[in-house]
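A quick write-up on the structure given underneath.
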Amino acid sequence: MSEITNIEAITRTLQQEMRRDPRIFITGEDVGKRGGVFRVTKGMYEEFGEARVIDSPLSELSLVAVGIGAALYGLRPIVEIQFADFIAPAFNQIVQEAARFRYRTNGDWHAPVLIRAPYGGGIGGGLYHSQSIEATYSHIPGLYVVAPSTPYDIVGMLRYALRVDDPVLFLEHKKTYRLIKGEAPDDDYMIPFCKADIKRVGSDMTVIAYGLMLHETLQAAQELMHEDINVEVIDPRTLNPLDRDTILSSVKKTGKALIVHEDNLTLGLGAEIAALIASEAFADLDAPVMRVAGPDVPAMPYARTMQDFFMPNAQKIADALRKLNAY
Amino acid sequence: MSEITNIEAITRTLQQEMRRDPRIFITGEDVGKRGGVFRVTKGMYEEFGEARVIDSPLSELSLVAVGIGAALYGLRPIVEIQFADFIAPAFNQIVQEAARFRYRTNGDWHAPVLIRAPYGGGIGGGLYHSQSIEATYSHIPGLYVVAPSTPYDIVGMLRYALRVDDPVLFLEHKKTYRLIKGEAPDDDYMIPFCKADIKRVGSDMTVIAYGLMLHETLQAAQELMHEDINVEVIDPRTLNPLDRDTILSSVKKTGKALIVHEDNLTLGLGAEIAALIASEAFADLDAPVMRVAGPDVPAMPYARTMQDFFMPNAQKIADALRKLNAY
Amino acid sequence: MTLSSPTKLELTAPTLAPHVQLGLHDDLVLEMYWHMLLARRLDERMWILHRQHQVAFHISGIGHEATQVAAAYALKRGHDFIFPYYRDLCLTLALGLTPRAMMLAMYGKQGEPMSGARQMPAHYSARHLNIVSVSSPVATQIPQAAGMALAMKYQNTDQVVMTCFGEGSTAEGDFHEGLNWAGIFKLPVIFLCQNNQYAISSPTDREMAVQNVADRAPAYGMPGVIFDGNDFIESYHAITQAIERARRGEGPTLLEAKMYRLVPHSSDDDDRTYRSREEVEAWKQRDPLLLARKYCVENGLLDDAHQAEFEQRAREIVDDADEFARNAPYPPPEEALNGVWGELPKI
Amino acid sequence: MTLSSPTKLELTAPTLAPHVQLGLHDDLVLEMYWHMLLARRLDERMWILHRQHQVAFHISGIGHEATQVAAAYALKRGHDFIFPYYRDLCLTLALGLTPRAMMLAMYGKQGEPMSGARQMPAHYSARHLNIVSVSSPVATQIPQAAGMALAMKYQNTDQVVMTCFGEGSTAEGDFHEGLNWAGIFKLPVIFLCQNNQYAISSPTDREMAVQNVADRAPAYGMPGVIFDGNDFIESYHAITQAIERARRGEGPTLLEAKMYRLVPHSSDDDDRTYRSREEVEAWKQRDPLLLARKYCVENGLLDDAHQAEFEQRAREIVDDADEFARNAPYPPPEEALNGVWGELPKI
Ligand SMILES: Cc1ncc(C[n+]2csc(CCOP(=O)(O)OP(=O)(O)O)c2C)c(N)n1
Ligand SMILES: Cc1ncc(C[n+]2csc(CCOP(=O)(O)OP(=O)(O)O)c2C)c(N)n1
Ligand SMILES: [Mg+2]
Ligand SMILES: [Mg+2]
């Protein structure tokens, strides 16, 4: 078993799943001959043909809507949003339509469209190619939001996502595409939704992080080991609905919690996790629940100095953990 | 000074402001001859003419975009969204455009469009005429979200909103339109943004609530007085950005906090307020931070039994407060 | 100027009645008339129930029956799919939704089969009838219908999708994007616009700068066809042609049925603020139910006795549905929590 | 089939050069050529800087210069407004944005006047020049431009708004809704589509089922005009006519400039995966800069010495801008926090 990157994990799994299930097709801007702007669908147009790898017109609203229509019919559409930032025109179709078909028909209809979106910053993308969108969509019951962050998790959860009978927003941190490598067996294992993963066992504090920030956190935790600070790192993996139990039992054990994300602080995913902890683990808390997040500005600036200022990283996380540890 | 309803407060203020400032115009579906589906703009077409009270085509995306364009030019557009539920097609224009003009031009341009939206449930509106949208938009830096809930606050904040140089989402709880009455002086007072209001002074617990839930909370507080429980009620009024100081000093005083809203629990506004308290008032907390909110279902059902089940109300709030008090 | 042009029946045999020329059996024509009548009586009862404060809300299809019944009969049942809109009472009734279901929705009672009483009335849905769930935001169904048609094309079936919407809804981006996909991929989908002259209070010239919705069709490389939506036979003809075209793999059509909303927008509306009584009265002369009745009588399909029998039967059905729904219980409150998520696959 | 038809100069006096017939002074024509040249040299330098890893990203306007310079000269400066898009380097340069500003954006350096180095390069903006800020989501500017035109109409000025976008972007709902408003309210706005044949890798037939973007105009009750976007004089003619029409209160026009993206979509793109070198080479024969130069030479406005002087001046300006930006400091990190909100009014 050899190491693969996050992007290879996605491409390989998409290929395998499309070979397995003829109901799967993929559509999005430039996914065909071009193989997608990140090259996730490279070679797939050639293998599966233009009926299953469909260059869409430049229109995200209908891209998602078309996915919904095909899903209602019984197919398993995969919709690629070129950058997560450009999912906004499809907000109405995702929130009011995809996420509500099951509930509004009391289970008669359902719309299992899988929406893939590369998100996150640190790549010089400026305001509109760096956004984190998970909080906006994690507020929506009926829509799974998942953000697996290692090749192993990506393979297992993408396989699972293609068998789930509800709409899924599948978030891929674009900076980790080629940065993060890991092992992912070639058999057909799956990782279920709504199960967080303890990426590092520790006793002093709990950090909840996903995406690029998971890796920054693991680095910070490594660093703190030398200071005899022992950090537990929880990767929620599914962001909506959250695996409350895993988060709460960790915090009950450690008594201290930090949540990290790139998205801006206010009403970012950290808000819900902090609220959950403040409500359900209150008696076990030894310190304030802390959050390290992007600042409350409209989006991440382009100039590298300002981008670095915006982005949380291992050092900022370590600093916060030292503070929390000292509380 | 006589009592007026919430809706009268809006209509009267809109009229007065349009008389004062010729740069103000209003557009939206059916706002003209029809006077709006809630009759907020009743009589305004007749008074100000079709150049200033403009029936828009049925298209919310461009309704907001047109407001943005006119605001960039220097006018003061007011955009009426017929039901807050139907703001979703305009999500991209609000979040990526209106809220980002100032930041993305380092202050050179700004887009002070005022978006009015009737929100909230309890009126038999079912899934798509009852929604609370404040959390989605309060996550967006650069966009003011305000929800004044009494005639006095509505008049003062609507006046203020029309002088603020940034985009404002002005939320009007539609069930309170005719239900809530109060005094509002006819002079030209204003109420600034980002200032919460202590609607009821108390010492045992703090409740943060707005919209219809503010009034349900005040009723619950009244009820609890008979049980010698003394509740402080904070009306944030501005939901983004929050007046953190007023909330925190109240909680530091009472040691217990409950947040109430109709929007579903997960990543509702209560998440941010609870996270704020858990982080900044931790040392003063005597009990878990509690939330009473709509359940995590896609939206509010139509059948009255299910609607009642969904909606928080004075009794559910009182029950939660009793629990919190007993902690 | 555009591809759109009024459909006219080609009278190949001028001595034969139009429906005969179209290959429509007499029985079927009468059945169509019956469904129009039943829908009308059901709809009228709903208005009455609202006036009596028995129900909270009604949004009506009165004036739309001819086009709708034609659509229902032009589709291949259990084979083709429909994405209807909130005025499609007659259409969905003719396709198999029951009066009891409609009435349960009016009262918001337990057992309402379309949404479990979660949606407001008129949000039609039935998976077993290939009727896709209506939602309230307008025009969202249009690109969804294109997506389902894409799936059909991909599966190489000879199914078609139809979707209905009002002329006001063509101002939404969803309309544009949906038709754009359909045109580019030549999808088997029929866009049926029920142009009733108003979007709540807005007349058509506030929704578009062209005379006809069908004038928008050439922008998507598809034909636009205008027809008299008050005439059930002409409607049937136009819709059938579009469906056949789609089934032959020749792509989508934008149909525009000209008609009039004979009643206020909904029970919350007062249409006297924005249109004259004279205008409404003038259109009542073209009431599709009257025209259909006249057609049936003139072609010897219907006599007074028959008509009386129909009315009697309609009354019984409406009474039954009303009574059934009125006496039904409300859903248990906690049902509000069900059906958010499907079952997760076992590993 | 549609209102759209290619604009042809009417040669009222066939012995006069086209620009003379249009009332364009020789000096102005040469100035236009100069701006095209300068934009091209600046743009080429940007590609080089990217290849040298000096800058992280470039999105280019090469091939678009003729239409853009024509637009800049057709507008009344400081009076009319423009909502440009990311390819409008030549347009915004000709309107007054400086090469130093452009280069500061490339490097993301302090003092970048368009966004304070917050946006990626090519997000043009300058309030003092009536250039409205470009954002990355495509097509959003289209209905905004309609809104500004509505404001102008309301204020009864004789200003006009122009907005630019690619042909791919016409697939977005924003395009439809913006043109719909403009048509309904007869707004003084010019929609200038720069049809360069591709949206990243998608050819036009994946974006629309019609031959021309201009074929979409009749759906909005406005004229659609196609012209040769590689010919700066023809472009000037077409754009001027649309502007005059708008200024006279006759409403909007959808202009379609036919051209070709002579380079990859951006520095991240490899266009060899989706189009042939032969195709690119064929279009290079119609390079707008070459055509403009030829025009100037043939009409005696430009000789070799003059051309060399232009090239020399362009090189100096580009060198200066590059050096200036390269040596500029980065913005202080904390500047990221500024400018989220304006000052709140005092009570
Ligand atoms: C996105 C959205 N905006 C607004 C509304 C409110 N609304 C409901 S029906 C309607 C008018 C629709 O007019 P039209 O499309 O002509 O259909 P008709 O009702 O005339 O059949 C409006 C504005 C809505 N349901 N959805
Ligand atoms: C809403 C949105 N979706 C996707 C993108 C990514 N994107 C940037 S440019 C582009 C192609 C635009 O093509 P066209 O409109 O023809 O303009 P051109 O680049 O050819 O000038 C795409 C898909 C975007 N910027 N915005
Ligand atoms: Mg209508
Ligand atoms: Mg293009």
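Predicted model only: the values in this text are computed from it and were never measured. Every heavy atom of this structure was used, including side-chain atoms; hydrogens, water molecules and symmetry mates were not.
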Whatever's closer than 4.5 Å to a heavy atom in chain D on Leu61(A) counts as neither
Roughly how far, to the nearest 0.5 Å, is CE of Met120(D) from OH of Tyr302(A)? 5.5 Å
For atom CZ of Arg272(D), is the number of surrounding heavy atoms from other residues, nucleotides or ligands below 6.0 Å larger than 12? no
Per-residue tally against chain A (heavy atom, under 4.5 Å) across Gly166(D), Ala105(D), Pro331(D), Ala199(D) peaks at Pro331(D)
Pick one of side chain, backbone, both or neither for Glu60(A), based on which atoms fall under 4.5 Å of a heavy atom in chain D. both
From CA spacing to verdict: side-chain contact (heavy atoms from CB on, under 4.5 Å), Phe83(A), Ser136(D): CA-CA 11 Å; Phe83(A) 284 80; Ser136(D) 311; over 6 Å; no
Could you tell me the separation between the CZ atom of Arg118(D) and the CE atom of Met300(A), rounded to the nearest 0.5 Å? 14.0 Å
Glu343(D) atom CD, over 12 foreign heavy atoms within 6.0 Å: no
In terms of heavy-atom proximity below 4.5 Å to chain D, should Phe310(A) be classed as side chain, backbone, both, or neither? neither
Nearest 0.5 Å, please: how far is CD in Gln119(D) from OH in Tyr128(A)? 5.5 Å
Let me know if Glu334(D) has heavy atoms under 4.5 Å from chain A in its side chain, its backbone, both or neither. both
Below 4.5 Å, heavy atoms only, C-beta onward: do Thr305(A) and Glu335(D) meet side chain to side chain? no
Take atom CD in Glu323(D); do more than 12 heavy atoms of anything else shown fall under 6.0 Å from it? no
Contacting moiety of Ser135(D), where chain A heavy atoms sit under 4.5 Å: both
Closest heavy-atom pair, Ala303(A) versus Gly108(D), reported as atoms and distance to 0.1 Å, is CB-O, 3.3 Å
Could you tell me whether Gln211(D) atom CD has more than 12 heavy atoms of other residues or ligands within 6.0 Å of it? no
Separation between CE (Met306(A)) and CG (Leu337(D)), nearest 0.5 Å, reads 10.0 Å
Mark yes when over 12 heavy atoms from residues, nucleotides or ligands other than Arg304(A) sit less than 6.0 Å from its CZ; otherwise mark no. no
Got a second to check how far Glu207(D)'s CD is from Ser56(A)'s OG, nearest 0.5 Å? 7.5 Å
Quick one: do the Asp55(A) and Ser202(D) side chains pair a donor with an acceptor below 3.5 Å? no
In terms of heavy-atom pairs under 4.5 Å with chain A, which of Pro121(D), Pro332(D), Gly116(D), Ser115(D) leads? Pro121(D)
Residue that, paired with Arg206(D), satisfies side-chain contact (heavy atoms from CB on, under 4.5 Å) out of Ile54(A), Asp30(A), Leu58(A): Ile54(A)
Would you give the length of the straight line joining atom OG1 of Thr273(D) to atom OH of Tyr45(A), rounded to the nearest 0.5 angstrom? 11.5 Å
How about Ile200(D) and Val37(A): do any of their side-chain heavy atoms sit closer than 4.5 Å? yes
Is it true that Asp269(D) and Arg34(A) have a side-chain N and a carboxylate O under 4.0 angstrom from each other? yes
